[in-house]
Amino acid sequence: MHEEVKASLNRIFEAELLQHKKKKARTWLPQLTMAGIIMVGLLLWASGTWTERTAYSPVEQGGILDLRGTYVGDNSRVGRILSYALSEESFDSFALQTKQQPYGIIVHMPTLIRDETQQKVAFYIWALVQNADYIQFEANGENVTLTREMFSTIDFSAIHDEATLNGTKPLPLNMQHEALTAVLVEAINTAQQEPAIVNLLVNDADYVFDVEGERYYLWLNEGESVFTKQSDTGLLYQLSAQTYQQLQALLIAN
């Protein structure tokens, strides 16, 4: 009887030990998984680059401007802005450069998009992501980089509607840009009034700007430039050839 009891107890102890080991093995797995995730996150944070491949919830029509004030480091919001601005264009992933300035967004795409679409996306980024210094499009070993400085003549803080971002309304000019302001003030002082009375649709203008409490709408066409005052859109003012060239260098070149 003594030997039978001893053998029975040994079997119980072995079963308990095996069960204990199984429980310990199970409890380590989630801890190791979480540790791995944290380690990867720390490595990405240290490098200043985070690549995202997530499908983002769509932004409701008219709600994109609610994302104004986004920072480059906010993956989710930047992803939603890119998805919205690119519309039907697809992108593989994007990376955020946040370790040091200049802060940027690198978009990896199947093929490079048209210049017009690149500019449209850049406009959304400059208007909504306050600390983005550049956006870069990459595809098949090629890349195109647009910087905020390239669009320094545009006052993105003054854009309060999506139509302006899409180019269907005049873009507000940045009157903190000293060279641009000097040219516009000179243009107002030297422009020749056209003898004919015209009726202009100001929403068709290329740019809008304010000088000394007066709002002006500017058209910059090939070979010439004209403007009108908001207070009297029936009168048209023709800019000189020199002023046209100066404005073209500041605005069209960008």
Side-chain angles (χ1 to χ4, degrees), residues 64-65 68 85-87 112-129 132-135 137 144-254:
I64 189 66
L65 291 179
R68 187 189 293 274
L86 282 165
S87 186
L112 285 179
I113 52 180
R114 296 175 302 169
D115 293 348
E116 296 83 359
T117 307
Q118 292 173 12
Q119 179 172 299
K120 172 190 170 184
V121 177
F123 276 17
Y124 274 89
I125 295 299
W126 308 148
L128 304 177
V129 186
D133 296 312
Y134 69 89
I135 180 168
F137 302 93
V144 175
T145 301
L146 302 179
T147 68
R148 187 182 289 270
E149 183 61 28
M150 292 169 62
F151 300 89
S152 60
T153 55
I154 307 301
D155 184 4
F156 290 97
S157 65
I159 295 178
H160 301 295
D161 59 86
E162 192 178 345
T164 303
L165 289 175
N166 287 320
T168 57
K169 283 190 176 182
L171 287 169
L173 292 178
N174 178 15
M175 299 308 286
Q176 301 302 312
H177 192 292
E178 294 183 3
L180 176 63
T181 300
V183 172
L184 291 174
V185 171
E186 179 68 15
I188 292 171
N189 293 332
T190 60
Q192 298 296 316
Q193 180 179 319
E194 292 291 305
I197 297 178
V198 296
N199 289 309
L200 297 172
L201 295 175
V202 294
N203 281 350
D204 291 334
D206 297 312
Y207 304 99
V208 60
F209 63 96
D210 297 326
V211 173
E212 296 182 354
E214 179 69 72
R215 172 151 291 189
Y216 297 85
Y217 294 91
L218 174 69
W219 286 259
L220 195 60
N221 303 314
E222 186 175 351
E224 65 177 2
S225 182
V226 296
F227 70 85
T228 188
K229 298 179 180 179
Q230 186 179 49
S231 60
D232 191 354
T233 58
L235 295 178
L236 188 68
Y237 297 85
Q238 178 80 44
L239 276 64
S240 67
Q242 180 181 357
T243 301
Y244 164 78
Q245 292 174 356
Q246 291 174 321
L247 284 176
Q248 185 184 49
L250 287 167
L251 298 172
I252 299 300
N254 294 332

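Everything numeric in this text was worked out from a predicted model, so none of it was measured.
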Between atom [atom1] of [X] and atom [atom2] of [Y], what is the distance when rounded to the nearest 0.5 Å?
{"X": "Gln118", "Y": "Phe137", "atom1": "CD", "atom2": "CZ", "value": "5.5 Å"}
{"X": "Tyr124", "Y": "Asn166", "atom1": "OH", "atom2": "CG", "value": "3.5 Å"}
{"X": "Leu251", "Y": "Thr153", "atom1": "CG", "atom2": "OG1", "value": "5.0 Å"}
{"X": "Leu65", "Y": "His160", "atom1": "CG", "atom2": "NE2", "value": "9.5 Å"}
{"X": "Ile113", "Y": "Gln119", "atom1": "CD1", "atom2": "CD", "value": "11.0 Å"}
{"X": "Ile135", "Y": "Thr145", "atom1": "CD1", "atom2": "OG1", "value": "9.5 Å"}

N/O donor-acceptor pair under 3.5 Å between Thr168 side chain and Ala163 backbone: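 Yes, Thr168 side chain to Ala163 backbone: donor-acceptor pair under 3.5 Å.
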
Residue pair Gln193, Leu236: steps toward the side-chain contact (heavy atoms from CB on, under 4.5 Å) verdict: CA-CA 6 Å; Gln193 180 179 319; Leu236 188 68; over 6 Å; no

[Y] and [X], any side-chain heavy atoms less than 4.5 Å apart:
{"X": "Arg215", "Y": "Val208", "answer": "yes"}
{"X": "Tyr216", "Y": "Thr228", "answer": "no"}
{"X": "Phe209", "Y": "Leu184", "answer": "yes"}
{"X": "Ile154", "Y": "Trp126", "answer": "no"}
{"X": "Thr147", "Y": "Met150", "answer": "yes"}
{"X": "Glu214", "Y": "Gln230", "answer": "yes"}
{"X": "Ile159", "Y": "Leu165", "answer": "yes"}

Determine the minimum heavy-atom distance between [X] and [Y], stating which atoms define it.
{"X": "Lys169", "Y": "Asp161", "result": "CD-OD1, 3.7 Å"}
{"X": "Ala127", "Y": "Arg68", "result": "O-NH1, 3.3 Å"}
{"X": "Ser225", "Y": "Trp219", "result": "OG-O, 3.0 Å"}
{"X": "Ala132", "Y": "Ile125", "result": "CB-CG2, 3.7 Å"}
{"X": "Phe227", "Y": "Ile188", "result": "CZ-CA, 4.0 Å"}
{"X": "Leu239", "Y": "Ala187", "result": "CD2-CB, 3.7 Å"}

Donor-acceptor contacts under 3.5 Å from residues 173-182 side chains, at least two apart:
residue: Asn174; atom: OD1; partner: Gln176; partner atom: N; Å: 3.0
residue: Asn174; atom: ND2; partner: Ser152; partner atom: O; Å: 3.0
residue: His177; atom: ND1; partner: Leu180; partner atom: N; Å: 3.2
residue: Thr181; atom: OG1; partner: Met175; partner atom: O; Å: 2.9
residue: Thr181; atom: OG1; partner: His177; partner atom: O; Å: 3.0

Distance-only polar pair, side chains of Tyr244 and Asn221, donor-acceptor under 3.5 Å: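 The criterion, which ignores hydrogens and geometry beyond distance, is not satisfied for Asn221 and Tyr244.
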
Close aromatic pair by centroid cut-off 6.0 Å: Phe123 and Phe156: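 Under 6.0 Å, so yes.
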
Residue Gln242 excluded, over 12 heavy atoms near CD under 6.0 Å: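 Counting neighbours around CD of Gln242, 12 or fewer heavy atoms of other residues, nucleotides or ligands fall under 6.0 Å, so no.
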
Other residues, nucleotides, ligands: >12 heavy atoms within 6.0 Å of Glu116 CD: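 Atom CD in Glu116 is packed in, count exceeds 12.
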
Evaluation steps, side-chain contact (heavy atoms from CB on, under 4.5 Å), between Leu171 and Asp155: CA-CA 8 Å; Leu171 287 169; Asp155 184 4; over 6 Å; no

